[in-house]
Amino acid sequence: MLFPIACSPNGQRYSDMIGGDEIKAMTSSRNAWWKIAIPAAEWLPGYQRSWFRLDFAAGITLAAYLLPAALGDASLANLPPETGLYACLFGGLLFWIFCGSRYTVVSVTSAISLVIGASLGEITGGNTMRFGALAAGTALLVSLIAFIAWLAKAGVLVHFISESVMAGFKCGVALFLASTQLPKLFGFHGAHGSFWGNAGFFFSHLNETNMTSLLIGGIALALLILGKIFLEHKPVALFVVIGGIVAASMLSLETRGVKLIGAVPQGLPPLKVPALYWGDLNELLPLALACFLLGAVETAAIGRMFAAKHGGRFDANQENLALAASNLFAGLGGGLPVSGGTSQSLVNEEGGAKTPLSTAFAAVFILVVVLFFSQLLSALPQPVLAAVVLVAVAGLLNLSTLKELWLNDRSEFVVAIAAFAGVLTFGLLRGVMLGALISLVQLVRVSSRPHVALLGRIPGTRRFSDRDRHADNELIPNVMIFRPESALIYFNVDNVCEAILSRVRVEAIPPKLVVIDLSAASMVDMQSAHTLASMADELGVIGIRFQAVEPRSSVRDRLRREAVDAKLGGVNRFTTVADVIDHFLGETERSAAAIKSSL
């Protein structure tokens with residue numbers, strides 16, 4: 001059950017918000033299957049009239065923020081401006097029903113738009129006539145992947161992409177974006193290649209700058225930066241867009257060489273499956289996987305942020321279902337893939353939204369614009385749109401995160417720079433895949449070399465802890481005690497055993513007993529069980545006893561099934577490290593007493 005008791009969309013108990021009668025009505029059929037998949041079915045029955053005004057106002061603010069962002073991100077994807085509007089409209093009409101977070105907003109995003117634009121150019125060989133159908137087809141594939149991820153409860157997979165990889169990737173995206181938008185700001189056509197190719201083209205064609213375009217774009221850029229500083233999360237971009245449209249109409253900027261975005265169709269497109277060939281699906285699948293990966297990671301990050309801030313729990317699987325529904329509708333409506341947007345969600349939160357219904361209101365307002373006012377958008381100057389896009393994604397260039405990694409963790413910094421360089425050199429799609437690969441390699445590297453603690457007795461107690469961290473812990477004469485702080489599986493057990501043997505070999509006086517504390521090992525696989533037995537044999541050859549203690553029940557079962565428990569000194573659930581040490585010291589004392597009496 002998504003909400004075990006009557007809860008608000010962010011996990012807060014409704015018992016603090018509404019009366020008992022509403023709770024009974026909401027929970028009377030809480031075991032219905034459709035309520036498991038549709039959070040709105042849980043909270044809508046308890047919706048209060050006082051929330052409507054707050055959600056409505058937040059929806060207006062959110063729509064004012066989404067409109068210019070939708071136009072800008074469509075431009076990034078080399079798609080007509082209406083494509084971004086359709087994506088926000090159709091995606092927003094469904095996302096609020098399925099999402100599990102109160103404030104998360106679905107939208108077109110700069111990262112996904114850049115990946116779409118760069119990748120479709122390669123797939124079609126620059127033939128922009130098919131971009132719209134392929135972008136919509138990609139959205140449908142993203143929907144299918146997200147739905148499969150929901151069915152497989154694969155939401156946990158988003159945690160495999162490390163923050164360091166995402167930091168490097170986002171910085172690379174920001175620079176790649178600048179290389180595509182600066183030519184528009186300066187009033188000439190840009191290149192469509194890698195960052196290095198785009199940057200080289202920009203600097204070599206600066207002599208083609210249209211000064212009117214640069215002036216208009218520069219003014220818009222300055223106003224947006226000032227708004228970001230003094231009016232954070234306010235719809236400053238909307239007023240800049242309106243100002244640009246007014247200036248273009250009054251000053252006839254098109255006659256001065258300033259490019260406009262062109263006609264924006266009025267009305268809604270028919271819902272339909274885009275015209276694709278079977279061969280297109282094979283070409284689009286890697287792109288759809290990359291878009292899903294980016295969307296799922298960002299949507300999960302937003303949900304976790306709000307859960308930590310406002311309380312409640314976050315379910316990444318539920319957001320996958322919401323992404324599936326919104327991308328399905330966006331694709332059928334001729335839009336591009338959508339995901340949770342960080343800045344848009346923060347605008348929604350600061351706008352005072354009480355429930356996800358605010359995103360539905362925003363979609364309705366965009367619908368009104370598409371039906372009645374879209375023709376006004378055709379006069380928007382391209383330099384103004386470029387300025388909107390540049391400022392909107394400026395937050396992606398988070399140099400402070402890279403600086404923190406450099407100061408605190410050089411290996412993580414190297415990972416971030418690898419993802420950063422991958423985006424700039426190989427393009428966005430390959431950059432996403434490279435980032436995912438780096439994350440998995442990093443995970444395997446860390447997991448393959450778990451920490452093996454050398455334990456000492458805490459003074460005055462029968463407890464043992466890591467002596468490397470607590471130098472006052474007492475070493476036991478003739479005994480070395482180790483605790484591998486990880487599950488023991490085929491790719492790390494050799495490193496664990498080597499760490500133990502290397503510590504034993506460097507001792508001036510070899511120990512008589514080696515104890516391995518398995519309390520931190522959540523599992524031991526077949527190969528690890530036999531490797532531990534081999535280590536016990538190796539120690540036995542040089543006269544060192546080996547004893548495994550405190551294994552979990554599943555670990556005990558594994559050691560017994562593999563018939564190696566006897567080699568490990570016998571395993572049971574009663575013997576502790578302290579018991580083994582007491583027994584060994586007792587034996588030592590008795591042996592010394594026997595030797596002394598014989599003399």
Side-chain angles (χ1 to χ4, degrees), residues 76 109-115 158-182 194-196 198-199 202-203 221-222 224-233 290 293-294 296-306 308-309 339-347 349-350 387 389-428 430-447 449 451:
L76 284 180
T109 65
S110 299
I112 290 180
S113 298
L114 279 169
V115 171
V158 301
H159 304 299
F160 283 84
I161 306 299
S162 68
E163 289 296 325
S164 56
V165 168
M166 288 305 297
F169 173 79
K170 288 180 178 180
C171 287
V173 166
L175 291 185
F176 183 87
L177 164 72
S179 74
T180 64
Q181 296 303 298
L182 284 175
S194 69
F195 165 78
W196 307 110
N198 293 347
F202 170 72
F203 287 112
L221 191 62
L224 289 165
I225 292 174
L226 290 173
K228 199 170 185 67
I229 295 173
F230 299 107
L231 298 169
E232 189 175 10
H233 301 314
L293 186 63
L294 287 174
V297 168
E298 184 161 8
T299 306
I302 297 167
R304 289 198 301 268
M305 175 183 69
F306 287 134
K309 187 174 181 180
S339 79
T342 303
S343 59
Q344 296 90 333
S345 300
L346 290 173
V347 167
E349 179 197 27
E350 292 192 3
V389 173
L390 284 169
V391 173
V393 298
L396 294 176
L397 191 62
N398 194 345
L399 297 179
S400 61
T401 300
L402 295 180
K403 180 181 178 181
E404 183 179 347
L405 289 175
W406 170 260
L407 295 175
N408 299 325
D409 195 328
R410 294 295 172 86
S411 63
E412 292 281 339
F413 176 79
V414 170
V415 168
I417 292 301
F420 173 72
V423 170
L424 296 185
T425 305
F426 303 114
L428 294 176
R430 294 184 181 91
V432 174
M433 298 304 183
L434 180 62
L437 179 61
I438 291 172
S439 290
L440 292 176
V441 170
Q442 182 186 27
L443 174 65
V444 172
R445 181 183 65 83
V446 172
S447 301
R449 294 187 176 276
H451 178 61

Ignoring hydrogens, what is the shortest heavy-atom contact between [X] and [Y]? Give both atom names and the distance.
| X | Y | result |
| --- | --- | --- |
| G341 | I302 | C-CD1, 3.4 Å |
| S339 | E298 | OG-OE1, 4.5 Å |
| S164 | V415 | OG-CG1, 3.8 Å |
| A416 | L405 | CB-CD1, 3.9 Å |

Do [X] and [Y] come close enough that some side-chain heavy atom pair is under 4.5 Å?
| X | Y | answer |
| --- | --- | --- |
| I112 | T109 | yes |
| S110 | L76 | yes |
| N198 | F202 | no |
| L424 | F420 | yes |
| D409 | E404 | no |
| S179 | W196 | no |

Take L390 and L182 through the test side chain to side chain contact (heavy atoms under 4.5 Å, CB included) and record every step on the way to the result. CA-CA 9 Å; L390 284 169; L182 284 175; 4.3 Å; yes
Point-to-point distance, once rounded to the nearest 0.5 Å, from [atom1] of [X] to [atom2] of [Y]:
| X | Y | atom1 | atom2 | answer |
| --- | --- | --- | --- | --- |
| N408 | K403 | CG | NZ | 11.0 Å |
| F413 | W406 | CZ | CH2 | 5.5 Å |
| L402 | I417 | CG | CD1 | 5.5 Å |

